[in-house]
Structure formats: C-alpha cells, structure tokens
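Shown next, in structure tokens, is the structure this report addresses.
The figures here come from the full heavy-atom set of this structure, side chains too, leaving out hydrogens, waters and symmetry mates. In the text below, chain A, chain B and the rest are named by the order of the sequence lines, each starting its count at 1. Only a predicted model underlies this, so the values are computations on that prediction, with no experimental measurement involved.
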Amino acid sequence: MLIVNSPVVETIQIHENIFIQKILSPEIAHNSNPGQFLNIRVSETANPLLRRPFSICDVEGDNIFIMFNVMGEGTKILACKQPGSSVDILGPLGNGFNLDDDFEIAVIVAGGLGSAPFPYLTRKIGKSKKIISFVGGRSKNDLITYSMMNFLTSTDDGSEGFKGNVVKLLEENRDKLDKEKIKIFGCGPNAMLKSLKDFSIKYDYNCEISTESAMACGFGICQGCPIESTQNPDKYLLVCKDGPVFNVKDVNL
Amino acid sequence: MLIVNSPVVETIQIHENIFIQKILSPEIAHNSNPGQFLNIRVSETANPLLRRPFSICDVEGDNIFIMFNVMGEGTKILACKQPGSSVDILGPLGNGFNLDDDFEIAVIVAGGLGSAPFPYLTRKIGKSKKIISFVGGRSKNDLITYSMMNFLTSTDDGSEGFKGNVVKLLEENRDKLDKEKIKIFGCGPNAMLKSLKDFSIKYDYNCEISTESAMACGFGICQGCPIESTQNPDKYLLVCKDGPVFNVKDVNL
Amino acid sequence: MSDIDLSVNIGKFKLRNPIMLASGTVGYGNEISEFSDLNKLGAIVTKSLSLKPRKGNPPQRIVETPSGMLNAIGLANVGVDIFLKEKIPFLKKYDVPLVCNIAASTVEEYVECTRILDSEETIKAFEINVSCPNVKDGGLQFGNDIKAVGLVISKVRAVTNKPLIIKLSPNVSYISEFAQVVKNEGGDAVSAINTLVGTAFNIITKKPKLYNVNGGLSGPAIKPVALAKVLEISRKVDIPIIGIGGIMNWKDVIEFMIAGASAIQIGTLNFIDPTAPERMIKELEDYCVSNQLNKISDLTASYLI
Amino acid sequence: MSDIDLSVNIGKFKLRNPIMLASGTVGYGNEISEFSDLNKLGAIVTKSLSLKPRKGNPPQRIVETPSGMLNAIGLANVGVDIFLKEKIPFLKKYDVPLVCNIAASTVEEYVECTRILDSEETIKAFEINVSCPNVKDGGLQFGNDIKAVGLVISKVRAVTNKPLIIKLSPNVSYISEFAQVVKNEGGDAVSAINTLVGTAFNIITKKPKLYNVNGGLSGPAIKPVALAKVLEISRKVDIPIIGIGGIMNWKDVIEFMIAGASAIQIGTLNFIDPTAPERMIKELEDYCVSNQLNKISDLTASYLI
Ligand SMILES: Cc1cc2nc3c(=O)[nH]c(=O)nc-3n(C[C@H](O)[C@H](O)[C@H](O)COP(=O)(O)OP(=O)(O)OC[C@H]3O[C@@H](n4cnc5c(N)ncnc54)[C@H](O)[C@@H]3O)c2cc1C
Ligand SMILES: Cc1cc2nc3c(=O)[nH]c(=O)nc-3n(C[C@H](O)[C@H](O)[C@H](O)COP(=O)(O)OP(=O)(O)OC[C@H]3O[C@@H](n4cnc5c(N)ncnc54)[C@H](O)[C@@H]3O)c2cc1C
Ligand SMILES: Cc1cc2nc3c(=O)[nH]c(=O)nc-3n(C[C@H](O)[C@H](O)[C@H](O)COP(=O)(O)O)c2cc1C
Ligand SMILES: Cc1cc2nc3c(=O)[nH]c(=O)nc-3n(C[C@H](O)[C@H](O)[C@H](O)COP(=O)(O)O)c2cc1C
Ligand code: FES
Ligand code: FES
C-alpha cells in the first residue's frame with residue numbers, strides 16, 4: 001500500500017461515456033496484481049471528499065491504466081485530467097484474482113464496465129493458458145471489449161452478438177467449458193454476479209468474482225464495505241480488504 | 001445585472017502571485033462602468049460554494065479583464081483557467097466611480113491590489129482629464145502599476161520609490177493637488193482607506209473610495225455586506241448595492 | 001401544454017408549485033425579480049420582520065465554510081411599518097403568494113406584528129421564525145424552549161386566520177416534539193430547517209470571524225441533517241412540512257419531498273444562482289413527465305422504509 | 001532539535017502532542033501503521049468496543065455528501081474479549097497511548113466492558129461513547145438523555161481510575177449541560193463532537209441510501225458546528241475538551257484549540273490521507289516556531305471574544 005501522486009500520461013475516450021486513463025506510477029505498476037484496485041483522490045478540495053475506487057485495468061511497464069465511465073462529480077473531474085495534471089493514488093488495494101489454482105482455460109465473464117480488470121488479467125495470463133471471454137452489455141454501445149482476446153458478446157437488446165444476458169451466453173456455450181480444466185473470472189453488476197454464482201454452483205465450476213461496494217477508505221479502517229460471508233454469518237467480510245475478489249462460494253450476493 | 005457563462009481568453013501572470021484574466025463577455029463589457037464589480041462562480045461544485053467578487057479591471061471591446069491575487073481556493077481555481085474553459089459571471093454589480101463631478105485632475109491612489117479598478121478608470125477618463133496616480137505597496141514586488149499612467153510609487157520598506165505609505169506620498173505631493181480642480185479616487189486595504197479619508201477630510205478634498213466586504217450574493221439580497229453610514233446611524237449601507245464606491249464622507253471605515 | 005399538476009397544498013395554503021424562496025435570501029423580492037419571474041414561483045417568504053426596524057449585526061456577517069456558509073445578519077430588517085409602506089407596493093404587482101416571516105423577542109411582539117400585517121391582503125400566510133440563532137439581545141431563545149414556542153403559536157393563532165407556518169430550529173434534541181406542539185396549538189405547517197449553529201475563528205487574530213461569534217450554517221453541507229429532520233417529523237407527526245436546507249437542484253427537491261416535504265424553500269442557492277428557482281420548476285415538470293407522475297404532490301412522504 | 005513543547009494535558013491524561021486518531025476511523029491501529037508512525041502520535045482511540053462482538057449494519061453503510069459523509073456502520077466490532085486477545089498484542093508493540101472507546105446498550109454493559117478492560121495496562125484511558133446515532137437495537141438513546149449519561153459516568157467512574165473521557169452527542173439543544181454532568185460525576189474530559197444525525201434518499205428507488213436509514217455526518221461540512229459546540233462547552237464548563245469534527249489540516253487543529261480544545265481527534269481525514277496525522281505534528285511544530293509559541297497548550301481557549 002502506497003500513496004503516490006502520479007502524473008496522468010493520457011486520457012482517451014473509448015466509448016460514448018467511457019475513458020481509459022494512463023498514469024505513470026512505477027511503484028504501483030510493479031507491485032500490483034490483476035483484480036486489485038486503486039483508491040484515487042481526484043481533487044484536493046473538500047468536495048468530492050472521498051477517494052474513488054477503480055480496478056487496475058492494465059499495467060504496462062511503469063504505467064497503470066484505469067477504465068471508467070462518468071458517473072458523477074468524481075469521474076467527471078477525472079475525465080478532464082490532461083497530461084500535466086496528476087492524480088493521488090492509494091494502492092494497490094485488496095486481493096486480486098488467484099492464478100495459482102489448477103486450471104488450463106481462463107473463462108472471463110464481464111458485464112458492462114465489469115470489463116475493467118480483465119485487460120490486466122489477460123496480459124498476466126499471457127500465453128501460459130487459454131482464455132475465452134464472454135462480454136455482455138445492455139446494447140451494442142455498452143459492449144467493452146478493450147484489450148480482450150478470443151471473445152463472444154451478448155446484448156440484452158440483441159443489437160450485437162447473442163441476445164440475452166452474458167451468463168445465458170455462457171450457458172449456451174457450456175460445451176466449450178470442461179469443468180476440470182477451467183476457472184471462471186467474473187466482474188459486472190450485482191444481478192449478473194448473482195446469476196453467475198448460481199450458474200457456477202449449479203455446474204460446480206471454480207469461479208472468482210470481483211465485487212463492489214460503497215467505500216470510504218479502501219484499506220480496512222472504516223468498516224464501510226461489508227459483504228455477507230457464507231462461512232461465518234456472525235461477521236461480515238470487507239470488500240476492500242478481504243476482497244474485492246472472492247470465490248463465489250464464500251460470499252452471499 | 002446579468003448572469004453569463006463567459007469564455008476565458010487568456011490568463012496572464014503579471015507578478016509573483018498576481019494574475020490578469022481576459023474574459024470574452026460582450027454584454028457585460030458594454031454595460032459596465034469603472035468601479036463596478038463582478039461576482040464570479042469559479043466552479044460548479046458545492047465547494048467553493050459562493051461566488052467571488054472582483055473589480056472590473058479593464059474593458060477592451062467585447063472583453064473584460066480582472067486582476068487578482070491567489071488568496072485561497074477560489075482564486076487558485078481561477079488562476080488555473082486556460083483558454084477553452086469559462087467562468088460564470090454575475091454582473092456588472094454596484095455603483096462605479098462618479099465621473100460627472102466637476103474636476104479637472106483625477107488623482108488615483110492605489111494600495112496593493114487596490115490598483116485593480118484603475119486601468120478601466122484610466123481608460124474611461126482617457127484624454128478628457130489629467131490623471132496623476134499614486135501607487136503604494138509593502139515592497140517593490142507588491143507594486144502594481146499595470147496600465148497606470150503618470151504614476152509615483154511608494155513602498156513601506158523603501159525598496160522602490162518613496163519610503164512610507166501611499167497616503168504619506170500623496171501628502172508629500174500636496175503642492176500638485178489644487179483643491180478646486182481635483183478629485184481623488186482611492187482603493188486599497190482598509191487601513192489605507194482610513195488614512196486617505198482622514199487626509200481628504202483634513203484638506204477638504206472630493207474623494208471617492210472603493211470598499212470591500214465579505215459577500216454572499218453581491219446584489220443586495222443577503223444583507224451580508226454592511227458598512228456604517230455617516231448620514232444614518234440607524235441603518236447600514238450595503239457595500240454591494242450602495243457601493244462598493246462611496247464618497248469618503250458617507251461611510252465610517 | 002403538459003397536464004402535469006405541480007400544485008401542492010400546505011394544509012389550507014395552496015401553491016402552484018412546491019418551489020418557495022426562503023426567508024432572508026430574497027430580501028423583499030425586488031432584486032431577485034431581475035433573474036426569476038416571480039409569477040412562476042410557488043411562494044416568496046420575506047426576510048424576517050420585526051415590530052421596529054433592526055439595524056442588524058456589525059460586520060463581518062458572512063463566512064464561507066466547506067460546502068456551506070455561516071451568516072450572522074442579526075435580523076436586519078425595515079420593520080413592519082416600513083415594510084407595509086415601502087415594500088408591499090412592489091410585491092402587489094406580482095401574482096405570487098407572499099409569506100411574511102416574523103421574528104420577535106417577546107410573545108407580545110410576535111402577536112403585535114401578526115396583527116398589524118394580518119389586514120394586508122397581499123400577505124397570504126405567516127411563517128413564524130422561532131429559531132434565529134443570530135441575535136444576542138433576542139430576549140428568549142424561543143427556538144429551544146418548547147413551552148415558549150407553544151405559547152407563541154397559540155397567541156399568534158388567535159389573531160390571524162391565515163395559514164400559520166412555524167419555522168423550526170434544528171438545534172434541538174428532537175425536532176418532532178416541536179412539530180407536535182405546532183400541531184397541538186393550531187399551527188398549519190412547519191418549516192424545517194433553519195440554520196445550524198456554527199462558528200469559525202481567524203487563527204491569526206484568535207477572534208471569531210463573525211462579529212456575533214456564532215452564525216447560522218446553511219448550504220449543501222447541511223442537507224443530510226435537514227433531510228433527517230424532515231423525515232423525523234414526517235414519521236412522528238401528522239403535519240405538512242416545508243423542507244429547507246442545502247437545496248441546490250431539482251434532484252434535491254425530489255429528495256426532500258420523498259423524505260416528507262409538501263413544499264420546499266430555496267435559500268443559499270439564491271445567492272449563487274438566482275435564476276435557478278425558475279429553472280427548477282421546468283425541471284420538476286420534466287421529471288414528472290419522464291416518470292409518468294401526474295401530480296407532484298404524490299411524492300410527499302413517498303419514502304420506502 | 002527544536003525545544004517547542006507540543007505536549008498537552010487532558011486533565012490527568014498527558015499526551016506528547018494534541019493529535020489523536022478518532023474512534024471508528026483507525027480500526028485497531030494496524031492498517032494505519034503502514035502510513036503513519038504510531039509512535040509519533042498523541043494517542044489512538046479504538047473503534048467502539050462492546051461486550052460481545054457486533055456484526056454491524058448490513059450494507060449500504062457509507063454515503064458521500066457535500067464536503068462530508070454519512071456512515072451507519074452500526075458499531076461493528078470484535079468485542080472486548082477478542083480485542084484483548086487478538087488486537088492488543090499488536091498495539092503493545094507501540095509506544096502510543098491507547099484509548100479504549102466503549103459503546104453499550106445498558107449501564108451494566110458499560111460498566112462490565114470498562115471493568116474487563118481496566119486491568120490491561122496498555123490501555124491508558126477510556127472514552128465512553130454515549131452518542132452513537134447508528135444503532136437501532138441500542139436500547140437507550142443515551143446521548144440525548146442527560147440523566148442516563150450521568151448514571152453511566154458515575155457507575156463507570158466507580159470501576160476505573162484511568163482517565164475517563166465522555167464523547168458527547170452534538171444532536172442536543174445544549175451540549176454544555178452534558179459537559180457539566182460529566183464534570184459533576186467525576187469524568188476527566190469530554191470529546192466533542194460525535195457525528196450529526198443525517199440521511200439521504202435514492203430518488204429513483206425512494207429508499208434511504210443507508211440500510212439503517214439515518215447515519216452520522218462527519219467531515220469538513222460539520223466543522224463549523226463542531227467548533228461552536230467546543231466553544232459552548234469552553235465558555236460554560238471548566239473541563240478539558242477534545243475537539244473533533246472535520247479537521248483536514250494543521251490550521252483546523254489550531255482553530256479547534258483556540259476555540260477551547262486541549263487536544264483534537266482526526267476522523268474522516270484518515271480515510272482520505274492516512275499520512276496526514278503524522279505530517280500535521282511537524283506542521284504544528286513549524287507553526288509554533290514561526291509564531292514564537294513555546295508551548296502549544298497555551299493555545300487552548302485562547303479565543304478573544
Ligand atoms: C473495488 C471497486 C472497483 C471499481 N472499479 C471501477 C472501475 O474500474 N471503473 C469504474 O468506472 N468504476 C469502478 N468502480 C465504481 C466507481 O468507484 C464509481 O463509479 C465512482 O466512485 C463514481 O464516482 P463519482 O464521483 O463519479 O460518482 P458519484 O455518484 O458522485 O459518487 C458518489 C459516491 O458514491 C460512491 N459510488 C458511486 N458508485 C459506486 C459504485 N458503483 N461502487 C462503489 N461506490 C460507488 C463513490 O465512491 C462516491 O463516494 C469500482 C468500485 C469499487 C468498489
Ligand atoms: C467589491 C469587491 C471587489 C474586489 N475586487 C478584487 C479584485 O479586483 N482583485 C482581487 O484580487 N480581489 C478582489 N476582491 C477580494 C476577492 O474577492 C477575494 O480575494 C477572493 O474572494 C478570495 O477568494 P479565495 O477563494 O481565493 O479566498 P478565500 O480566503 O478562500 O475566500 C473565502 C471567502 O472569503 C471571502 N473573502 C476573502 N477575502 C476577501 C476580501 N478581501 N474581500 C471580500 N471577501 C473576501 C471570499 O469571497 C470567500 O467567500 C474584491 C472584493 C470585493 C468585495
Ligand atoms: C444570509 C441568510 C439570512 C437568513 N435570514 C433568515 C431570516 O431572516 N429568517 C429566517 O427565518 N431564516 C433566515 N435564514 C435561513 C434560511 O431561510 C434557510 O432556513 C437556511 O438558510 C437553510 O436553507 P439553505 O441551506 O437553502 O440556505 C437566512 C439564511 C441566510 C443564509
Ligand atoms: C466511518 C466512521 C465510523 C465511526 N465510528 C465511531 C465509533 O465506533 N465510535 C465513536 O465514538 N465514534 C465513531 N465515529 C465518529 C468519529 O470518531 C468522529 O467523532 C466523527 O467522525 C467526527 O470527526 P471527523 O469529522 O473528523 O470525521 C465514526 C466516524 C466515522 C466516519
Ligand atoms: S472501505 Fe473502509 S473498510 Fe473497506
Ligand atoms: S453581498 Fe449580499 S447584500 Fe451585499
């Protein structure tokens with residue numbers, strides 16, 4: 001965990017409302033894993049007050065990338081940052097995806113902006129394993145396949161790819177998924193994670209998901225980000241510290 | 001009184017901490033007088049919340065100019081505004097200097113940033129009357145003579161010009177000031193305005209000063225900017241609406 | 001023409017829409033009329049009026065704080081007589097309900113002010129300010145004394161049949177207890193909230209920044225507190241509520257209505273953007289259209305808890 | 001080495017400097033130790049501890065507001081036993097005064113917690129939280145009931161000789177009345193303030209954003225209110241005050257001390273910049289040097305009113 005003021009290298013708009021920001025931050029770049037996140041202070045003023053959490057989207061040499069959509073004030077300020085300005089980064093935070101499990105094929109399942117952590121995961125896995133990606137969105141314009149490899153798409157309105165949600169698409173392609181060899185990596189809206197969980201449990205797949213929560217600190221001191229544990233109902237897990245990546249079996253969504 | 005979102009044309013640093021900002025705002029440029037001010041919203045967020053008042057420093061065609069030093073958050077944001085960004089202006093506000101009085105020589109007395117309204121006054125008077133300016137500052141670096149004509153300077157530490165305050169400098173030059181023909185225009189810190197008032201009353205000069213006050217609205221609805229009236233002790237005058245320019249005899253400083 | 005119904009009832013007081021301008025943030029209406037068409041607004045509330053003119057506090061009266069401001073104006077106002085003579089004529093020209101806000105140091109003064117103003121038909125309702133934190137010589141600290149508040153209401157109620165709104169102080173343990181007293185004594189509605197007591201120091205001079213030492217905190221900083229007070233009243237007392245505190249845009253208006261408000265007042269925002277109130281009316285209409293809401297008043301207390 | 005004296009006394013509780021970390025904003029110290037050298041700090045206050053572990057409220061627990069945040073954690077904590085077993089060993093390694101904050105639903109639980117913790121010598125003082133607004137099943141609403149607060153203090157006082165600090169609620173009419181009770185019942189100091197009650201609604205779902213409905217407002221938004229409460233206590237009651245509320249930098253620390261605080265606590269800022277507390281100590285020293293102030297404690301209640 002570090003706090004570093006890091007220069008913005010460039011901010012690129014890749015979709016209507018979606019930006020990729022490249023930030024020079026060697027210390028963080030060299031010490032992070034796919035699935036971890038950063039808590040970014042976008043302004044020194046009292047408003048917006050809190051840092052904003054973003055998945056590490058990719059790492060390339062000394063640079064890190066984040067991918068975000070403009071939701072409110074924080075992301076609006078971020079989207080306006082041009083080379084010459086900087087962001088204050090706290091990170092890397094949380095636990096990333098576990099790549100040490102015994103699997104041969106990585107199955108990526110992303111809904112909407114849930115694509116954010118996967119360029120880095122894809123890069124880390126590299127040629128060591130096969131990757132199949134399933135990318136879903138409400139409609140054609142919401143499909144984010146930035147840096148994804150070997151992907152199939154689905155849209156709720158059928159404007160591109162399979163018509164239906166991304167977990168349905170996954171189910172349609174279950175013949176490609178040999179239970180013994182694959183591991184599923186999921187990220188997306190809560191409803192999608194829920195059906196991904198049902199799917200993985202139903203067919204007994206090894207599956208990790210990246211979760212979200214409102215956060216104040218991002219590193220375990222505020223208790224602001226509880227998530228129900230399946231192991232111990234007397235105690236919440238913390239998304240920021242125990243997650244954001246969990247095995248689907250460990251959390252109640 | 002208008003509210004106009006106006007593009008910043010350029011922001012120039014003229015001294016260590018002092019900036020001139022050129023803003024394209026035809027409606028305001030064509031309807032303002034020297035001594036009036038603008039109330040500027042520097043950001044759309046809730047912090048800084050209130051507008052910031054600035055004298056109209058100059059007007060040139062469709063452009064207005066403000067001169068400011070970086071005091072706190074508001075002026076810091078303002079100083080960073082580059083061409084392409086804009087400011088939200090409420091103005092022109094208040095009563096400017098009265099140029100219809102019977103005088104032949106305009107005597108400008110400015111302390112520190114009190115120089116702000118005088119480029120415009122100087123321009124408006126133009127060749128119609130003679131102008132003598134007295135400009136004071138704590139030290140050489142605080143002397144602001146931007147667009148001033150025919151000026152003498154003073155510094156508290158003697159690093160440039162007369163050593164002493166600007167009202168002392170004025171007194172030193174009283175032989176140049178023919179009571180019947182001159183009108184004094186003063187702006188600067190409260191202590192300076194006080195001694196300028198004493199000076200003008202002592203020698204019975206016609207003198208107008210531009211005053212300051214903490215403000216919320218700038219146009220008379222908050223009652224936040226009282227100044228003691230000499231005429232009517234039962235009621236405050238409002239700096240924003242009844243001023244900011246007052247005849248020195250009308251207000252208690 | 002859309003057939004959205006923006007009108008709201010605050011008890012027997014009917015407004016064409018829920019947007020009111022708050023006391024002390026519009027003077028007596030003339031300056032703001034340059035920016036907003038008064039005829040479109042729900043209502044205007046005057047600066048607090050007292051029996052005699054009040055000079056108010058010496059400067060400094062205003063301090064900015066994070067997402068808020070402190071004011072200690074000290075109820076500077078022209079007094080009821082000059083108000084009737086010099087300010088009413090301007091307001092008569094408009095077709096906007098006028099609410100007279102009254103502040104006083106004694107029960108008798110409240111009654112006397114109300115009595116004098118009651119016969120002026122331009123005045124459509126009274127808002128009794130029992131909650132101004134910024135007057136040193138203010139006799140009783142009415143706002144925090146539940147018996148005094150009850151007494152003021154019953155006495156004022158006796159001299160007017162116009163809608164009687166009581167503006168409550170947030171600086172108490174349980175604001176709903178005060179709202180209950182308003183109901184018991186025959187008040188028609190409550191306004192919540194007035195400003196929070198706050199202060200600020202100049203760390204160089206060690207003096208308070210405000211001459212009055214304490215001031216009233218307003219602006220977006222207090223919105224969460226104001227919403228909680230409105231909700232508290234709404235859940236405990238059956239009385240119409242006018243929501244006030246930090247409203248900056250139409251979304252905030254909706255939020256206050258959901259939390260229990262029948263109408264709302266805009267305060268500090270008038271200083272920053274006096275064109276906002278009129279614009280918000282249009283935005284509320286758009287909201288209703290896109291949410292297929294025919295009557296905006298259906299939002300009041302629509303919280304799902 | 002400068003010979004500036006940054007030490008302060010909170011009654012009999014002596015700190016090397018006035019910078020304390022506030023309850024609920026540092027967990028039990030381990031995470032923050034990666035950013036600030038705990039040994040440099042004035043003191044650390046634990047998350048509120050209860051007799052049994054508490055799970056806390058379901059999500060959502062956090063909402064950002066203008067220059068502030070609402071939290072409704074619901075006193076999630078490990079309970080006194082696990083605290084002693086699992087958390088104290090880490091804290092023992094540091095030479096920083098540890099203050100145990102205690103929250104309970106009954107007088108007996110307060111006493112029992114204090115009794116259990118009292119024998120642990122790493123714990124240098126107690127802070128009794130009678131003011132948490134975020135627990136639904138919390139039995140008494142102690143913070144707003146002056147008799148209950150008095151009772152808690154006298155009973156807890158009877159079982160410990162360590163410095164006893166009472167953390168007061170700002171959600172009352174007159175906080176100084178509570179401070180007076182603390183003094184009367186033998187408490188050593190007060191902490192002011194805990195969070196303000198606030199709420200926020202999701203205007204699409206019409207549900208409160210927080211599962212608990214209400215939350216506690218903290219951060220710079222509340223600083224003016226906190227300063228006014230500290231000043232009120234300072235002017236009315238002769239008891240040491242720990243100032244809390246929206247402190248973001250060393251200037252805010254000075255402002256709280258001028259207003260009456262002997263020490264201060266940093267809360268929300270820890271989430272945003274956990275390196276700030278350590279840095280502030282240096283900045284306070286610089287302030288003293290450039291203002292020729294030998295003892296920072298001379299600032300306490302140095303207001304000129
Ligand atoms: C672990 C984690 C990783 C994330 N990764 C990404 C990412 O890679 N790309 C991306 O675009 N977004 C990501 N998000 C969501 C992102 O943090 C929010 O979109 C962002 O904070 C919105 O800020 P804002 O000021 O623009 O919006 P506002 O709506 O103004 O935010 C207000 C408050 O709500 C919180 N908030 C709002 N939406 C969310 C959300 N979905 N999750 C958590 N908190 C929220 C903010 O932190 C802030 O405190 C992530 C969230 C978490 C918890
Ligand atoms: C009529 C008038 C004309 C002015 N003209 C100029 C000018 O031409 N150039 C210039 O540099 N400054 C001028 N000022 C002062 C200028 O408004 C302040 O320097 C500026 O508001 C500081 O804002 P900030 O956010 O940078 O500082 P902050 O200190 O963060 O400001 C905080 C608050 O205090 C108020 N404030 C701070 N200083 C002053 C002050 N001296 N007078 C009034 N309010 C203050 C601000 O409006 C704001 O609400 C003028 C003030 C008035 C009233
Ligand atoms: C400068 C100023 C003056 C005010 N004067 C009065 C007043 O005279 N009477 C009154 O009842 N409320 C007065 N108020 C309180 C407002 O009407 C309103 O209750 C409060 O500001 C909260 O709303 P806001 O956050 O939208 O400003 C005043 C507020 C401000 C900022
Ligand atoms: C997330 C969070 C959790 C808190 N938990 C506690 C707590 O357990 N006990 C307590 O006495 N105060 C608690 N507080 C209140 C703080 O200690 C402090 O009084 C308050 O936040 C005001 O200070 P600040 O504005 O600097 O944050 C909590 C505050 C926050 C923001
Ligand atoms: S965000 Fe603070 S503990 Fe998780
Ligand atoms: S600044 Fe509002 S009345 Fe003058």
Side-chain angles (χ1 to χ4, degrees), chain B residues 1-5 31 39-53 71-75 87-94 190 211-229 232-244 251-253, chain C residues 21-22 24-36 47-48 52-79 82 134 209-211 215 218-221 223 246 248-249 252 267-276:
Chain B
M1 275 198 298
L2 294 164
I3 298 186
V4 264
N5 200 280
N31 290 295
N39 215 359
I40 297 186
R41 188 172 188 187
V42 299
S43 136
E44 277 170 39
T45 74
N47 197 45
L49 182 66
L50 300 174
R51 289 173 180 272
R52 299 293 189 254
M71 289 275 293
E73 245 172 62
T75 44
V87 289
D88 185 82
I89 303 182
L90 167 59
L93 298 170
N190 214 39
T211 60
E212 281 194 14
S213 165
M215 290 186 175
C217 70
F219 58 100
I221 61 171
C222 77
Q223 303 279 322
C225 59
I227 188 166
E228 194 83 46
S229 152
N232 182 356
D234 295 336
K235 208 171 160 293
Y236 284 107
L237 295 165
L238 295 179
V239 170
C240 74
K241 227 191 140 173
D242 302 312
V251 288
N252 276 330
L253 296 168
Chain C
L21 304 191
T25 67
V26 285
Y28 307 105
N30 30 346
E31 292 87 359
I32 206 127
S33 69
E34 294 199 33
F35 297 105
S36 266
K47 174 78 191 160
S48 281
K52 301 275 161 250
R54 293 184 74 120
K55 192 177 176 187
N57 293 324
Q60 184 165 341
R61 290 181 176 179
I62 299 278
V63 175
E64 185 164 328
T65 67
S67 298
M69 62 173 279
L70 289 166
N71 87 79
I73 308 297
L75 296 181
N77 81 95
V78 296
I82 298 183
N134 302 327
K209 289 190 179 171
L210 294 168
Y211 178 90
S218 65
K223 196 185 81 168
M248 292 296 277
N249 54 49
D252 295 338
T268 302
L269 176 59
N270 293 322
F271 306 153
I272 302 161
D273 184 0
T275 64

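- Neither the backbone nor the side chain of Glu73(B) comes within contact range of chain C, judged by heavy atoms closer than 4.5 Å.
- Note: Ile3(B) leads Asn39(B), Ile3(B), Leu2(B) in heavy-atom pairs under 4.5 Å with chain C.
- Interface remark: Asn77(C) contributes no atoms to any contact with chain B (heavy atom separation under 4.5 Å).
- Within the 4.5 angstrom heavy-atom criterion, only side-chain atoms of Thr268(C), from C-beta onward, approach chain B.
- When every heavy atom of Phe271(C) is checked against every heavy atom of Gly24(C), the shortest pair comes out as CZ-O, 4.0 Å.
- A 4.5 Å side-chain heavy-atom check between Arg61(C) and Tyr236(B) finds at least one atom pair inside the cut-off.
- Residue contact with chain B, scored on non-hydrogen atoms closer than 4.5 Å, is absent for Pro53(C).
- If you tally non-hydrogen atom pairs under 4.5 Å between each of Gly224(B), Gly220(B), Ala214(B) and chain C, the highest count goes to Gly224(B).
- By number of non-hydrogen pairs under 4.5 angstrom with chain B, the leading residue of Ala221(C), Pro274(C), Ala76(C) is Pro274(C).
- When each of Gln223(B), Lys235(B), Arg41(B) is scored by its heavy-atom pairs under 4.5 Å with chain C, the top score falls to Gln223(B).
- In this structure, chain B has a heavy atom under 4.5 Å from the side chain of Gln60(C), while its backbone stays farther away.
- A side-chain N or O of Thr275(C) and one of Asp273(C) form a donor-acceptor pair less than 3.5 Å apart.
- Only the side chain of Leu90(B) comes within contact range of chain C, judged by heavy atoms closer than 4.5 Å.
- Nearest heavy-atom pair across Cys240(B) and Cys225(B) is N-SG, 3.4 Å.
- No side-chain heavy atom of Phe219(B) sits under 4.5 Å from any side-chain heavy atom of Glu34(C).
- Only the backbone of Thr25(C) comes within contact range of chain B, with at least one heavy atom under 4.5 Å from a heavy atom of that chain.
- When all heavy atoms of Leu49(B) and Ile272(C) are compared, the closest pair comes out as O-CD1, 3.3 Å.
- Tyr28(C) does not carry Lys47(C) over the face of its six-membered ring by the limits of under 6.0 Å from the centre and within 45° of the normal.
- Side chains of Ile227(B) and Leu253(B) form a contact here, defined as non-hydrogen atoms less than 4.5 Å apart.
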